Amino acid sequence: MDTCSRGREGEGLQGQGARADRQGPAEAVQEAPGPLSRSPEGPRDAAPPLKPERFVAFLRNVNQGQRGQPTIDDIRGAFDDAGCRDIRTFQSNGTVLFDADDPASVVQVAEVAVAERSGHAREIFWIPLGRLTEIAEIPHADMPELYEVTVHDGGTITADSGEIADQAGRRRCALVASGDRWALVRNDVAQQGNATPLIETLTGGRASSRGLPTVIRLIDRFAR
């Protein structure tokens, strides 16, 4: 089954500096065009096809400069096995852009395929590129190098919880904003990697993070 074609996905933002106008469950952004209707002048031109939805996948714990890691060919091949055709890899940390109707199914197939192709199992998390763009626009003063964007499988974390603030403080970071399966974390020191262990502690599940400068470069290349 070809699970990579097109789709629409939305998620809510919450937390400091986040926009609240898109909270709630996923909903369609644009309806598919209906059938042609006739007028005295003849049939109307059909509406142009919807642009496929683009998603970003974060593979957990990938550094392709080290031994014992899935290669770029392994990762691209895994998404190809999931039915994707327009696949773009970004940097060497297991970041992949892909189009899909059902991104969850794509990732499920790709996880199995990565393990089979490389012999190294890796969890994969996904987020719409449009949502990632919105997260990058959350106010972050003038030091994006302090921030990490984390994608996880633990639902929504309440950013203003006192218990969460205490956990983050012990890890020298702060949860700035969160939504369905994502979080924006501010480290006390630039280029520290505290987001993934914090979110995994809070959710009891797995997570994968990218520095905000990396996210901004990805958006500049693929979403501007």
Side-chain angles (χ1 to χ4, degrees), residues 9-27 54-63 90-91 93-97 103-104 107 111 122-220 223:
E9 187 79 18
E11 303 168 15
L13 301 178
Q14 63 174 243
Q16 180 180 354
R19 295 202 298 271
D21 60 340
R22 295 190 60 181
Q23 292 181 355
E27 61 185 21
R54 175 130 287 199
F55 295 89
V56 181
F58 289 2
L59 277 74
R60 185 180 184 275
N61 194 26
V62 170
N63 184 341
F90 184 72
Q91 297 192 347
N93 56 3
T95 304
V96 182
L97 289 93
V107 164
E111 279 190 351
R122 292 292 185 272
E123 294 92 349
I124 306 176
F125 307 89
W126 61 270
I127 187 169
L129 179 57
R131 176 64 65 223
L132 199 61
T133 301
E134 292 182 347
I135 296 169
E137 292 172 352
I138 294 173
H140 50 75
D142 58 349
M143 297 187 68
E145 64 271 19
L146 291 174
Y147 291 78
E148 294 180 85
V149 179
T150 303
V151 185
H152 60 90
D153 56 9
T156 300
I157 304 167
T158 304
D160 58 359
S161 164
E163 180 181 353
I164 289 173
D166 289 344
Q167 286 272 6
R170 288 195 287 271
R171 294 184 178 275
R172 303 186 65 189
C173 60
L175 181 62
V176 175
S178 62
D180 183 19
R181 296 177 291 106
W182 66 265
L184 179 65
V185 173
R186 185 187 189 279
N187 292 304
D188 292 350
V189 178
Q191 299 180 346
Q192 284 190 342
N194 300 320
T196 293
L198 171 66
I199 299 306
E200 290 186 344
T201 297
L202 295 177
T203 65
R206 295 296 197 179
S208 186
S209 304
R210 301 293 182 269
L212 185 57
T214 295
V215 170
I216 291 171
R217 288 193 297 271
L218 183 149
I219 291 166
D220 286 342

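Worth saying up front: this structure is predicted, and the values here are computed from it rather than measured.
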Are any non-hydrogen side-chain atoms of [X] and [Y] less than 4.5 angstrom apart?
X      : Y      : value
His152 : Ile157 : yes
Val56  : Val151 : no
Leu132 : Trp182 : no
Arg210 : Leu218 : no
Ser209 : Val185 : no
Phe58  : Thr95  : yes

Check for a donor-acceptor pair, side chain of [X] on one end and backbone N or O of [Y] on the other, with a separation under 3.5 Å.
X      : Y      : value
Ser208 : Leu59  : yes
Arg122 : Asn61  : yes
Glu111 : Ile124 : yes
Glu148 : Asn194 : yes

At their closest point, which heavy atom of [X] faces which heavy atom of [Y], and how far apart are they?
X      : Y      : value
Ser178 : Thr156 : OG-CG2, 4.4 Å
Gln91  : Arg217 : NE2-NH2, 3.1 Å
Ala207 : Thr150 : CB-CG2, 3.7 Å
Ala136 : Ile219 : CB-CD1, 3.6 Å
Pro213 : Tyr147 : CD-O, 4.4 Å
Leu198 : Cys173 : CD2-SG, 3.7 Å

Lys NZ or Arg CZ of Arg181 over Phe125 ring: under 6.0 Å, within 45°: no

Spacing of Ile127 atom CD1 and Asp180 atom CG [to the nearest 0.5 Å]: 9.5 Å

